[in-house]
Amino acid sequence: MYVGQIVTAFNKTGKYIGEITAVNQETYTVRCLAVLIHPRQGDLHNPNEADVPFFHERKALAFREQANIPLKMVKPYDDEVLDYKESLISAVQKLQTQLEAKSDDAYSIKSLQALDGVKKEYALMYSIRF
């Protein structure tokens with residue numbers, strides 16, 4: 001893969017469309033252009049657990065934010081690059097729907113609360129509504 005190539009990249013629990021801006025020995029530096037899967041809320045080391053010392057609010061990478069992604073987590077992307085704001089709204093709504101379907105467990109309830117906080121930040125950052 002090469003600088004300027006459009007790719008998909010997994011970062012923590014999120015998936016993005018981005019552009020490679022640097023090729024490093026063990027990572028690609030990828031500039032975020034769109035969100036395909038919104039990151040899950042909570043503790044990455046204790047997935048699906050609500051009773052953890054710190055339950056993280058996880059935001060998606062910001063538009064044009066760059067992240068170093070391990071080589072194996074980056075794949076070529078040949079489709080249309082989605083609009084960032086529209087892709088973010090779609091990814092948040094998809095995660096919210098998944099959590100609401102399991103709203104009887106403590107993890108989903110806590111995740112929905114965290115996601116509400118994240119949505120408020122997005123509304124301010126990007127002037128969008130959910």
Side-chain angles (χ1 to χ4, degrees):
M1 292 207 258
Y2 54 89
V3 171
Q5 185 173 4
I6 303 298
V7 296
T8 60
F10 284 95
N11 185 42
K12 299 183 180 164
T13 61
K15 183 178 180 183
Y16 306 91
I17 299 171
E19 176 185 4
I20 294 176
T21 59
V23 177
N24 309 303
Q25 188 171 357
E26 296 179 13
T27 64
Y28 293 110
T29 304
V30 177
R31 177 183 296 130
C32 179
L33 301 175
V35 182
L36 293 173
I37 299 173
H38 193 279
R40 295 173 47 130
Q41 304 304 295
D43 185 344
L44 293 177
H45 303 290
N46 297 290
N48 302 319
E49 295 293 324
D51 189 22
V52 293
F54 186 71
F55 196 90
H56 298 266
E57 277 188 359
R58 299 203 178 279
K59 292 192 291 282
L61 292 175
F63 181 59
R64 298 184 59 80
E65 179 178 355
Q66 297 192 72
N68 290 317
I69 314 286
L71 299 176
K72 66 182 180 181
M73 304 305 279
V74 177
K75 305 289 182 221
Y77 181 75
D78 295 324
D79 249 343
E80 174 185 349
V81 175
L82 307 171
D83 175 78
Y84 180 84
K85 289 180 186 180
E86 290 175 14
S87 71
L88 177 63
I89 291 168
S90 177
V92 167
Q93 289 173 337
K94 184 175 180 182
L95 176 59
Q96 183 171 339
T97 299
Q98 291 169 348
L99 293 169
E100 287 171 346
K102 297 186 248 175
S103 62
D104 57 342
D105 72 71
Y107 170 78
S108 294
I109 292 167
K110 206 162 185 178
S111 289
L112 283 166
Q113 291 169 348
L115 192 58
D116 279 342
V118 170
K119 286 168 51 177
K120 288 175 185 170
E121 287 187 50
Y122 290 153
L124 292 172
M125 289 170 58
Y126 299 113
S127 300
I128 57 177
R129 291 178 41 184
F130 292 91

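Q41 is listed as a side-chain neighbour of V118, based on a closest heavy-atom distance under 4.5 Å. For the pair K15 and V35, the minimum side-chain heavy-atom distance is 4.5 Å or more. Between N11 and M73, every side-chain heavy-atom pair lies at or beyond the 4.5 Å cut-off.
Minimum heavy-atom separation, R40 to T13: N-OG1, 2.8 Å. Shown here for A60 and L88, the closest heavy-atom pair between the two residues is CB-CD1, 4.0 Å. Shortest non-hydrogen contact noted between A62 and C32 is O-CB, 3.5 Å.
One finds the NZ atom of K120 at 10.0 Å from the CG atom of L124 (value rounded to the nearest 0.5 Å). For the atom pair NZ (K94) and CD (Q98), the distance works out to 6.0 Å, reported to the nearest 0.5 Å. One distance of note links CD1 of I37 with OG of S87; it measures 12.0 Å at 0.5 Å rounding.
F63 pairs by the ring pair (Phe, Tyr, Trp, His ring centres under 6.0 Å) definition with Y84, not counting sequence neighbours. Under the side-chain contact (heavy atoms from CB on, under 4.5 Å) criterion, S108 pairs with L99, K102, D105, not counting sequence neighbours. Not counting sequence neighbours, F10 has no partner by the ring pair (Phe, Tyr, Trp, His ring centres under 6.0 Å) test. With sequence neighbours left out, R31 forms a salt bridge (charged side-chain N to carboxylate O under 4.0 Å, His left out) with E19. A search for side chain to side chain donor-acceptor pair (under 3.5 Å) contacts involving E65 returns nothing, not counting sequence neighbours. The side-chain contact (heavy atoms from CB on, under 4.5 Å) check on K110 picks up A50, F55, Q113, with sequence neighbours excluded. Shown here are the salt bridge (charged side-chain N to carboxylate O under 4.0 Å, His left out) partners of E121, two or more places apart in sequence or in another chain: K59. By the side chain to side chain donor-acceptor pair (under 3.5 Å) test, N24 pairs with T27, T29, sequence neighbours left out. By the side chain to side chain donor-acceptor pair (under 3.5 Å) test, T21 is found to be paired with Q66, residues two or more places apart in sequence or in another chain being considered. In terms of the side-chain contact (heavy atoms from CB on, under 4.5 Å) criterion, residue partners of M1 (sequence neighbours excluded) are, by chain and number, Q5, V7, I20, Y28, V74, P76. Among residues two or more places apart in sequence or in another chain, the side-chain contact (heavy atoms from CB on, under 4.5 Å) test is passed with F130 by I89, V92, K119, Y122, I128.
Here salt bridge (charged side-chain N to carboxylate O under 4.0 Å, His left out) pairs that include residues 74-93, with residues two or more places apart or in two chains, number zero.
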